[in-house]
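Right, one structure below, let's go through it.
All values below were derived from every heavy atom in this structure, side-chain atoms included, with hydrogens, water molecules and symmetry-related copies excluded. What you see is a predicted model; the values in this text were computed from it and never measured.
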Amino acid sequence: MTSSSLIRGRPRRAASHISVRVAHALLGGAAGVGWLLLPVTTISTDVPVAISADAPVAAAESQDEETSATDLALPLVVLAAAGTLAGYAYIRRIRRARTRTTPGGAPATPAVPPLTDLDEQSRTLLTEADNWIRTSREELAFAEARSGAEAVAPFARALHDAQTELSAAFRIRRRYDAGIPADQPSRRHALTGIVGRCQEAGSRLDAQAPAFDQLRALEREDGEAVRIAETRFRELTGRTPVTEATATDLTQRYAPSASAPVTGYVEEAKNRLVLATTHLNHSRQATDSGDTGRAVHALRAAESAVAQADVFLTAVDRLAEDLRTAAGLVPAALTGAETELAVVREVLAGAPRQPAAAPPNLPEGELRARLRHADIVLTAVRNTLTGGQRDDPLDLLRRIAEAVAPVAAGRTGVLPAAALLTARSAIADADGFVETHRAVVGAEARTLLAAAREALEAGHTRSDTAAEGPVPTPATLTTRLHAGTSARRARELAEQDVRLHGNPSLDPAPANSFGGPRTAARRNPPPG
């Protein structure tokens, strides 16, 4: 908030009350003066007064002087008292005007919200803005299925612009959480920037919401949208048994940690499909009874349930594919790791460092310690592969890459490729969890997830293998590992939010809504 806006918003009642106090003081003074002059007016009267001949003249004069003194002293006392009271009231009013913060007061210094309140507002808006974008993306997919990509292009651009604003807000938030900037005014400015970015994201979506509603025309459509939702529902219903078999295979083929990210996902998908059936039935019933508003709301809720069921099933299928790919990549990753460690051994043996492909310039003691740690990790991975027990290929790849990354010289591209696979899998896993539990997941998990995406983009190269194009640098390997770590931490925080606030799958599916806060307020669920 700028200083000018604060000044414009300052209450003006205090000034008027001060003027009233001054007027009261003047009126009291005038009354005192009038009282003072009253005896003079009485003495100067022309009406003759009879004097008793029996009364001594001296006594009469003494009585007149006493009366005149009394008449003069009393008005002076009243005048002084009135002035004192008026001055006291004036000073008290000034002090209250400077300190009062309740309505009717006029703070001399504009009220500024505490930093904690602004911090909480920024967290809330980050969560809400992320949800606006997610629900808008869901409904956009249904609109594109009916009207085509060209028809929804303007809304896709608005969604992209809103995502850009939100990404910038998340970036500011990460710096803020890291203590940057450090001084209080700058930190307040950073929080204000987060709030402004989130509000801008919502405004961009709200601006396109009326045109989007005209495109969908759910209130006037002939049932095509319902048929599209039902088609997707039937497709997912047919996929469910196949995906359920895939989930069972994961638990039998791999270690428990490998399938843990999607445990219970098939059941969650079935629950969403049941909700979709209920809402589709309600939509048709409301259409038949002429309740268009209720029919549209039920249809959007059905679409949301269908979209989330798709997320659950896709997560299981994607993880199965990632595990198969990782299992095939582990032997190559071990070979690539040995190639990297061979460079370290040469350096420790006294061979000159080659700038184009040399390990980091670390002290010899640290280099030896990291080499020993990498050897221990690689030995453990080999024992797991040859021991006959079930393993977690993605975890094995991550352990290999993390052990070698501190001393990697960039001799091979297989380790960056392994880090890319594990990071993408972790990001997809965390994103799917937030998507299907967004009613309770807070800003911290979403901020880390955004950080993981940004890190992965920063570590992206044109080619991820040594056979095609340039070999990724050691920095690329480190960046991708960092992306995976952030994504896994985001999933952990999201799970904590669910444990704290409950599982949203137990609640009715939220209705899709393309737009921001104004659109969400306009599309309040109908009662009943």
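- Within the model, atoms OG1 of Thr485 and CZ of Arg480 stand 14.5 Å from one another, a figure rounded to the nearest 0.5 Å.
- Across all their heavy atoms, Ala209 and Phe514 have their closest contact at CB-O, 3.6 Å.
- Among all heavy-atom pairs drawn from Phe155 and Ala151, the shortest one is CE1-O, 3.7 Å.
- Legend: residues meeting ring pair (Phe, Tyr, Trp, His ring centres under 6.0 Å) with Phe433, ordered by chain and number and at least two apart, are His437.
- Salt bridge annotation for Arg491-Asp497: absent, with no cationic side-chain nitrogen under 4.0 angstrom from a carboxylate oxygen.
- In this structure a side-chain-to-backbone donor-acceptor pair under 3.5 Å is present from Thr412 to Val414.
- Evaluation of the salt bridge (Lys or Arg N to Asp or Glu O under 4.0 Å) rule for Glu267 yields no partner, not counting sequence neighbours.
- Atom CD of Glu444 has 12 or fewer heavy atoms from other residues, nucleotides or ligands within 6.0 Å.
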- [ ] Take Ser425 and Leu319 through the side chain to side chain contact (heavy atoms under 4.5 Å, CB included) test and state the conclusion after the steps.
- [x] CA-CA 7 Å; Ser425 183; Leu319 179 60; 4.3 Å; yes

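- Residues passing the side chain to side chain contact (heavy atoms under 4.5 Å, CB included) test with Gln252 are Thr248, sequence neighbours excluded.
- At a threshold of 4.0 Å, the pair Glu321-Arg318 does not count as salt-bridged, since none of the basic side-chain nitrogens sits closer than that to a carboxylate oxygen.
- Not a single salt bridge (Lys or Arg N to Asp or Glu O under 4.0 Å) links Glu144 to another residue, sequence neighbours left out.
- Shown here are the side chain to side chain contact (heavy atoms under 4.5 Å, CB included) partners of Ala169, two or more places apart in sequence or in another chain: Leu126, Ile194, Arg197, Cys198.
- The two atoms that bring Ala451 and Arg174 nearest to each other are CB-CD, 3.1 Å, heavy atoms only.
- Between the side chain of Arg438 and the main chain of Glu435, a donor-acceptor pair closer than 3.5 Å is present.
- Residues Gln199 and Leu125 are in side-chain contact: their nearest non-hydrogen atoms beyond the backbone lie under 4.5 Å apart.
- Under a 4.0 Å N-O distance rule, the pair Glu492/Arg489 qualifies as a salt bridge.
- Under the rule for a side chain to side chain contact (heavy atoms under 4.5 Å, CB included), Pro241 has no partner lying at least two apart in sequence or in another chain.
- To the nearest 0.5 angstrom, Ile180 atom CD1 is 11.0 Å from Asp177 atom CG.
- Annotation: side chain to side chain contact (heavy atoms under 4.5 Å, CB included) contacts of Pro181 (sequence neighbours excluded): Asp183, Ser186, Arg187, Ala190.
- When atom types are taken as modelled, the side chain of Ser289 and the backbone of Ala286 share a donor-acceptor pair closer than 3.5 angstrom.
- Looking at Arg294, its side chain never comes within 3.5 Å of a backbone N or O of Ser283 through a donor-acceptor pair.
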TODO: Start with the C-alpha distance between Arg137 and Leu140, add both sets of side-chain angles, then the distance that settles side chain to side chain contact (heavy atoms under 4.5 Å, CB included), and finish with yes or no.
DONE: CA-CA 5 Å; Arg137 187 182 296 118; Leu140 186 66; 5.5 Å; no

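- Of the inter-residue distances, the one linking Ile133 atom CD1 with Asn131 atom CG reads 9.5 Å to the nearest 0.5 angstrom.
- Atom-to-atom distance recorded for Thr422:OG1 and Leu329:CG is 9.5 Å, nearest 0.5 angstrom.
- Using a distance-only test at 3.5 Å, with no hydrogens or angles considered, no donor-acceptor pair links the side chain of Ser259 to the main chain of Leu250.
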Open item on the list: Before you tell me yes or no, could you show the steps for Arg216 and Glu303 under salt bridge (Lys or Arg N to Asp or Glu O under 4.0 Å), namely the whole-Å CA-CA distance, both residues' side-chain angles and the distance that decides it to 0.1 Å?
Closed with: CA-CA 13 Å; Arg216 293 214 74 186; Glu303 290 175 343; 2.8 Å; yes

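- In this structure, Asp117 has no salt bridge (Lys or Arg N to Asp or Glu O under 4.0 Å) partners at least two apart in sequence or on a different chain.
- A cation-pi arrangement is found for Arg232 relative to Phe142, the charged atom lying closer than 6.0 Å to the ring centre and inside a 45° cone about the ring normal.
- A distance of 11.0 Å separates CD in Glu120 from CG in Leu191, rounded to the nearest 0.5 Å.
- Checked for salt-bridge contact, Arg488 and Asp429 miss the test: no charged N lies under 4.0 Å from a carboxylate O.
- For residues 175-205, the set of pairs meeting the ring-ring contact (aromatic ring centres under 6.0 Å, His included) definition, not counting sequence neighbours, is empty.
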Open item on the list: Run Val311 and Asp431 through side chain to side chain contact (heavy atoms under 4.5 Å, CB included) and show every step you take.
Closed with: CA-CA 10 Å; Val311 172; Asp431 185 73; over 6 Å; no

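- Take Tyr265 and apply the ring pair (Phe, Tyr, Trp, His ring centres under 6.0 Å) test, not counting sequence neighbours, and it matches Phe312.
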Task: Audit row: Thr384, Asp391, side-chain hydrogen bond (donor to acceptor under 3.5 Å, both in side chains) steps and yes/no - done: CA-CA 7 Å; Thr384 299; Asp391 56 35; over 6 Å; no

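- The minimum heavy-atom distance between Leu477 and Ala401, with the atom names listed, is CD1-CB, 4.1 Å.
- The distance from the CZ atom of Arg134 to the CD atom of Gln308 is 10.5 Å, given to the nearest 0.5 Å.
- Residue pairs satisfying the salt bridge (Lys or Arg N to Asp or Glu O under 4.0 Å) criterion with at least one member in residues 149-164, sequence neighbours excluded, are listed as follows: Asp161-Arg204.
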Task: Evaluation steps, side chain to side chain contact (heavy atoms under 4.5 Å, CB included), between Leu448 and Phe170 - done: CA-CA 9 Å; Leu448 272 177; Phe170 277 128; over 6 Å; no

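- For Glu340 (side chain) and Arg411 (main-chain N/O), a donor-acceptor pair under 3.5 Å exists by modelled atom type.
- More than 12 heavy-atom neighbours from other residues, nucleotides or ligands sit within 6.0 angstrom of NE2 on His501.
- Scanning all heavy atoms of the two residues, the minimum distance from Ala158 to Leu205 falls at O-CD2, 4.1 Å.
- Salt bridge Asp395/Arg398: present, at least one basic N to carboxylate O contact under 4.0 Å.
- Closest of all the heavy-atom pairs between Pro474 and Gly410 is CG-N, 3.7 Å.
- Arg424 and Asp322 are not joined by a salt bridge, as no carboxylate oxygen comes within less than 4.0 angstrom of a charged side-chain nitrogen.
- In this structure, Glu268 pairs ionically with Arg272, as a charged nitrogen and a carboxylate oxygen lie closer than 4.0 Å.
- Although no hydrogens or angles enter the test, the distance criterion places a donor-acceptor pair under 3.5 Å between the side chain of Asp206 and the main chain of Thr519.
- A donor-acceptor contact closer than 3.5 angstrom links the side chains of Arg173 and Ser122.
- Under the salt bridge (Lys or Arg N to Asp or Glu O under 4.0 Å) criterion, Arg234 pairs with no residue, sequence neighbours left out.
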